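Comments concern the structure below.
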Number of protein chains: 2
Amino acid sequence: MPVRSREATVRVKGQTRPVKERLLHVATRLFARHGFEGTSVQDIVDAAGVTKGAMYHYYDSKDDLLYEVYHQLLTMQISHLEEIAAGAGSPEQRLRAAAADVVKTSLDNLDDMIVFFRSLHLLPEDKQAQVRSERRYYHDRFRALVDEGVAAGTFRGDVPPDIVVHYFLSVVNQLGSWFHPDGSLSATQVGQLFTDLLIGGLRA
Amino acid sequence: MPVRSREATVRVKGQTRPVKERLLHVATRLFARHGFEGTSVQDIVDAAGVTKGAMYHYYDSKDDLLYEVYHQLLTMQISHLEEIAAGAGSPEQRLRAAAADVVKTSLDNLDDMIVFFRSLHLLPEDKQAQVRSERRYYHDRFRALVDEGVAAGTFRGDVPPDIVVHYFLSVVNQLGSWFHPDGSLSATQVGQLFTDLLIGGLRA
DNA sequence: ACGTTTACACCGACCGGACGGTATGCGGAC
DNA sequence: GTCCGCATACCGTCCGGTCGGTGTAAACGT
C-alpha cells in the first residue's frame with residue numbers, strides 16, 4: 001500500500017500532517033490518557049478534526065489502530081537492537097548500549113508504552129499473537145547479548161539469561177507508570193542508571 | 001461491614017464458599033483472563049452461579065469489585081513489609097527478605113497482579129487515588145530499606161534510592177505478563193534470582 | 001482546449017446489540 | 001410476620017461499525 005499523492009492534509013489548528021498519520025497520533029494520545037475502552041471512535045475523530053468515515057477509510061477497525069501503535073514502536077526498537085548487537089565492542093559494551101537505548105526510545109514514546117502494557121490483551125487473538133511474536137524476537141535478540149557476556153566470563157553464569165531479560169524488560173515496560181518527562185531526571189539519565197543497576201547485578 | 005451469619009453458601013460445582021467471597025474470586029479470575037472491560041457483570045454472576053441481584057446486593061458496582069482486588073493484595077503486602085523492615089538483621093538482609101517476599105506473594109496471587117497493572121486506570125478517580133496512596137506508602141517503606149543500606153555503606157550511593165525502588169517494583173509488577181506457575185522455576189526460585197540481581201546491582 | 005468520466009477521500013446519519021444498573025418480587029429462616 | 005438474601009425482568013445509554021452520498025482532482029477522449 002504505497003503512499004497516495006492525493007492524500008489530503010487538511011489544516012486543523014495549524015497541523016498539516018496527513019489525516020492517516022494524525023489519526024494514529026491522536027489515538028495513541030487518547031488511549032494513553034483514557035484507556036483503549038475509555039476512548040470512543042468518536043473521540044478520536046473529533047480530536048483529529050475529521051469524521052468516522054475518514055477513520056474507517058484508513059483503518060479497518062478500532063483494533064487496527066491499536067495494533068499500529070505496537071507495531072511501529074516494536075519495529076523501531078528491533079532495528080535499533082540489531083544494529084547495536086551487530087556493532088563493535090565487547091559484549092558488556094553492546095549490552096550497555098542496548099539497555100540504554102531501549103530505555104531512551106521507550107521514554108521518548110511514553111504514550112505508546114502506556115498503551116502497550118495496558119491494552120495488549122484487548123487485541124483480537126491473531127494480532128495479539130503477531131505482537132507477541134515480535135516481542136519474543138526482541139527478547140531473544142537481547143538474551144543473545146547476555147549469553148555472549150556469560151560465555152566471555154564477564155557476566156555471572158548462575159542466573160538463567162532468560163530470567164535476566166525478563167527482569168530488565170519488565171523495568172522498561174513499566175516506565176510509563178511512573179516516569180514524568182518534567183521530573184528531575186532526563187530520559188538519558190534514567191537509561192544510564194538502569195543500565196548500571198543491570199550490569200552491576202550481572203557482574204561475575 | 002461484619003460477616004453475616006445468614007449468608008448463603010450455595011453449592012455450585014462442589015464449591016461451598018460464601019457468595020460474596022466467591023463473587024470476588026471468580027471476578028478476579030475473569031478480569032485476569034479477559035480484562036476488566038472484556039468481562040461483563042453477567043459473565044461474573046454466571047461463573048459464580050448466582051444472578052445480578054446477588055452481586056449488586058454485596059457490591060455497589062462493578063468498580064467496587066475491582067477495587068477490592070487491589071485493596072486485599074496491597075494490604076497483605078504492606079503488612080509483610082512492615083514486619084520484615086522492623087525485624088532483625090542488617091539492611092541488606094532485610095532488603096533481601098523484603099524483595100524475595102514481594103516476588104513470592106505476587107506470584108502466589110498472579111491473577112491479582114495481572115488485573116493490577118492492567119486495569120488501575122479504569123477505577124473512578126477517588127478509588128484510584130486511594131490505591132495510589134497505598135502503593136506510595138509501600139514504595140516509601142521499601143526505599144527506607146535502601147536508604148539504610150546506603151547509610152551503612154553497604155550499597156552504592158550514586159543511584160537515587162527512589163530510582164532503585166521504581167526499578168525493582170517494576171519487575172514485580174510485570175511478573176504477571178510472563179511467569180507461568182508450571183514453568184521450570186518456582187515462585188521462590190524466581191524471588192531468589194531477582195533478589196540476587198537487585199543486590200548485585202546495589203553493591204558499593 | 002474543453003467537456004466527460006473515473007476514482008478516491010471523506011462525510012454523517014443511522015443501526016443493532018450489548019452492557020451496567022435498577023425495581024420489584026418472593027421464599028425461607030427466625 | 002418481617003426481614004434478609006437473593007431471583008427475574010427490564011430500561012436507557014452508548015458505541016463500534018456501516019452505507020449511501022458528495023465534492024474534487026486527476027485521466028481521458030476528441
Side-chain angles (χ1 to χ4, degrees), chain A residues 1-12 15-27 30-31 33-69 119 121-125 127, chain B residues 1-12 15-27 30-31 33-69 119 122-124 127:
Chain A
M1 43 196 96
V3 175
R4 288 333 196 112
S5 56
R6 214 133 69 67
E7 205 160 349
T9 55
V10 180
R11 250 161 249 272
V12 171
Q15 298 216 22
T16 59
R17 275 207 266 189
V19 171
K20 182 174 182 178
E21 196 179 323
R22 211 167 63 222
L23 278 167
L24 183 58
H25 186 249
V26 300
L30 289 174
F31 290 164
R33 301 281 174 275
H34 314 296
F36 180 73
E37 346 66 27
T39 306
S40 70
V41 173
Q42 196 60 50
D43 291 338
I44 299 171
V45 298
D46 284 353
V50 294
T51 62
K52 280 194 185 184
M55 132 117 208
Y56 281 97
H57 177 70
Y58 289 111
Y59 298 94
D60 291 341
S61 62
K62 197 187 169 192
D63 292 331
D64 195 24
L65 214 37
L66 180 58
Y67 174 75
E68 282 301 316
V69 176
S119 306
H121 66 287
L122 296 173
L123 278 178
E125 191 51 47
K127 287 180 181 168
Chain B
M1 50 195 95
V3 175
R4 287 332 193 113
S5 57
R6 214 135 67 67
E7 207 160 348
T9 56
V10 180
R11 251 161 248 276
V12 172
Q15 298 214 23
T16 60
R17 275 206 269 189
V19 171
K20 181 175 182 177
E21 196 180 324
R22 210 167 64 224
L23 277 167
L24 183 57
H25 185 250
V26 301
L30 289 173
F31 290 163
R33 303 278 174 277
H34 314 296
F36 179 73
E37 346 67 27
T39 305
S40 70
V41 172
Q42 196 61 49
D43 291 338
I44 298 172
V45 297
D46 285 351
V50 292
T51 63
K52 280 193 185 183
M55 133 111 205
Y56 280 97
H57 177 71
Y58 289 111
Y59 298 94
D60 291 341
S61 64
K62 196 186 170 192
D63 292 330
D64 195 24
L65 214 37
L66 180 58
Y67 173 75
E68 281 302 316
V69 177
S119 306
L122 297 173
L123 279 178
K127 288 180 181 170

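Protein chains get the first letters and strands the later ones, always in sequence-line order, with residue 1 at the start of each. The structure presented is a predicted model; accordingly, all values stated were derived computationally and were not measured.
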**Request:** Report the C-alpha distance between A:Phe36 and A:His121 in whole Å, list the side-chain angles of each, state the deciding distance to 0.1 Å, and finish with yes or no for side-chain contact (heavy atoms from CB on, under 4.5 Å).
**Result:** CA-CA 11 Å; A:Phe36 180 73; A:His121 66 287; over 6 Å; no

**Item:** Derivation and outcome, side-chain contact (heavy atoms from CB on, under 4.5 Å), residues B:Arg33 and B:Thr39
**Value:** CA-CA 9 Å; B:Arg33 303 278 174 277; B:Thr39 305; over 6 Å; no

**Message:** Using side-chain contact (heavy atoms from CB on, under 4.5 Å), reason through B:Val50 and B:Arg22 one step at a time and then give a plain yes or no.
**Reply:** CA-CA 10 Å; B:Val50 292; B:Arg22 210 167 64 224; 4.0 Å; yes

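No donor-acceptor distance shorter than 3.5 angstrom exists from the side chain of A:Asp46 to the backbone of A:Asp43, with no hydrogens or angles considered.
If you take CG of B:Asp46 and P of C:dA18, they are 14 Å apart, rounded to a whole angstrom. In this structure, B:Leu30 places its CG atom 13 Å from P of C:dC19, rounding to the nearest Å. We find that OH of B:Tyr59 is positioned 17 Å from C1' of C:dG20, with the value rounded to whole Å.
Proximity of A:Lys127 to A:Leu66: side-chain heavy atoms (C-beta onward) are nowhere separated by under 4.5 Å. Using a 4.5 Å heavy-atom cutoff, the side chains of B:Val41 and B:Tyr56 are in contact.
Side-chain proximity of A:His57 to C:dA9, D:dG5, C:dC11: nearest is C:dA9.
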**Message:** For a quick check, with a 4.0 angstrom heavy-atom cut-off, what is the B/S/- contact string for nucleotides 11-18 of chain D, read 5' to 3'?
**Reply:** -----BBB

